Amino acid sequence: MTPLFVANWKMNKGLAEAREFAAEFSKVFKSASVPDAGIAPVLSCLPQLQESLGQQKGLLLGSQNVHWEESGAHTGEISVPMLKELGAEFAIVGHSERREFYGETDQAVAKRTSAALAGGLTAIVCVGETQSQFEAKQTEQVVSKQLKASLAGVSTEDNSKLVIAYEPVWAIGTGLAATPEIAQNVHQLIRSELEGLIGKDGAVEMRILYGGSTKPGNIAELMAKPDVNGALVGGASLEAESFNSLIEAGRAAG
Ligand code: 13P
């Protein structure tokens, strides 16, 4: 299975910084015949990145969110056709920061996911427990529930562009990544839940990314686990050199 390493820039980098990143990244990034890397910038930078990195083979550009309607009275949202016009190929859906700070529900995540897939975008659906849920040993229960509810509209046929990201909230931006063992246990649970939701074939093929304080120095041990198929990267993706080193270390270990 081809791994996938995706940069989630969150609300970082305006045009000038994005341009600077692209100039450095294009010098070091080694293209791949099958896409295995991606960047989700702030949307205002997508055309700029499209122009400077759009020709890089193996690199996908995408969005941090997507709405289920094509257009209408949805202030602050963007639709699948609008993203496709910008050259986006994927959308991150249900990130914990959206769930925690902007009231994103599993039901909304399910609608976003279905719309992205129906429109031909790759949907990277995020799940993960909070610190208190982790401490209360509720990880399995929380992740299973989020997964089932977030994939409510995904059919057994329409899932070739689905990607799952396990991001424990306590590991995001803390410098404290999940151990490879913890990640593997939860990824294994996700894969077995996926079997019931979309069938065995889809589940076996599904890329399950890990996210939370990944860096060039810890990606190899995470990728050594059989059910870790890539990473969703925050802080370490903001410097071209560091994101590229993570991709290279991840590729070598995957
Ligand atoms: P960090 O890599 O900064 O912990 O962020 C992870 C994340 O939230 C990616 O979506």
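Because the structure is predicted, anything quoted here is derived from the model rather than measured. Just follow the structure's listing: the first ligand is 1, and inside any ligand the first atom is 1.
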Practice task
Could you walk me through whether Leu197 and Thr156 pass the side-chain contact (heavy atoms from CB on, under 4.5 Å) test, one step at a time?
Solution key: CA-CA 8 Å; Leu197 296 171; Thr156 40; over 6 Å; no
Fill in the blank from the handout: Note: Ala165, heavy atoms under 4.0 Å from ligand 1, region reported as neither
Problem - Minimum heavy-atom distance Ala88-Leu46, with the two atoms named - result: CB-CD2, 4.0 Å
Handout entry: Identity and distance of the protein heavy atom lying nearest atom 2 (O) of ligand 1
Key = Gly234 N, 2.9 Å
Handout entry: Donor-acceptor contact below 3.5 Å, side chain Arg112 vs main chain Val93
Key = no
Problem - Residue Gly212 vicinity, atoms of ligand 1 by number, heavy atom under 4.0 Å - result: 4 (O), 6 (C)
Practice task
With heavy atoms of Ala171 as the reference, note each atom of ligand 1 found under 4.0 Å away.
Solution key: 4 (O)
Handout entry: Glu97-ligand 1 polar pair, N/O distance under 3.5 Å
Key = no
Handout entry: Closest candidate by heavy atom, reference atom 4 (O) of ligand 1, pool Ala236, Gly173, Gly211
Key = Gly173
Practice task
State whether the number of non-hydrogen atoms from other residues, nucleotides or ligands found under 6.0 Å of Glu69 atom CD is greater than 12.
Solution key: yes
Handout entry: Atoms in ligand 1 flagged as close to Glu167, the criterion being non-hydrogen separation under 4.0 Å
Key = 6 (C), 7 (C), 8 (O), 9 (C), 10 (O)
Exercise for the section: Assess whether atom CD of Glu181 is packed by more than 12 heavy atoms of other residues, nucleotides or ligands within 6.0 Å. Expected result: yes
Handout entry: Contact check: Thr174 vs ligand 1, nitrogen or oxygen atoms, below 3.5 angstrom
Key = no
Fill in the blank from the handout: Among non-hydrogen protein atoms, atom 3 (O) of ligand 1 lies closest to Gly235 N, 2.8 Å
Practice task
Report, in ascending order of atom number, the atoms of ligand 1 lying under 4.0 Å from any heavy atom of Asn8.
Solution key: 9 (C), 10 (O)
Handout entry: Per-residue contact class, Leu232 against ligand 1 - non-hydrogen pairs under 4.0 Å
Key = both
Exercise for the section: Determine, using heavy atoms of Lys10 and all atoms of ligand 1, whether some pair is separated by less than 4.0 Å. Expected result: yes
Exercise for the section: Evaluate the side-chain contact (heavy atoms from CB on, under 4.5 Å) criterion for residues Val143 and Ile190: first the C-alpha distance (whole Å), next the side-chain angles of each, then the deciding distance (0.1 Å), finally the verdict. Expected result: CA-CA 8 Å; Val143 168; Ile190 291 173; 3.8 Å; yes
Completion exercise
Checking Thr122, Leu151, Ile124 against Leu162 for side chain to side chain contact (heavy atoms under 4.5 Å, CB included), the one that qualifies is Leu151
Problem - Crowding at CG, Asp158 (>12 non-hydrogen neighbours, <6.0 Å) - result: yes
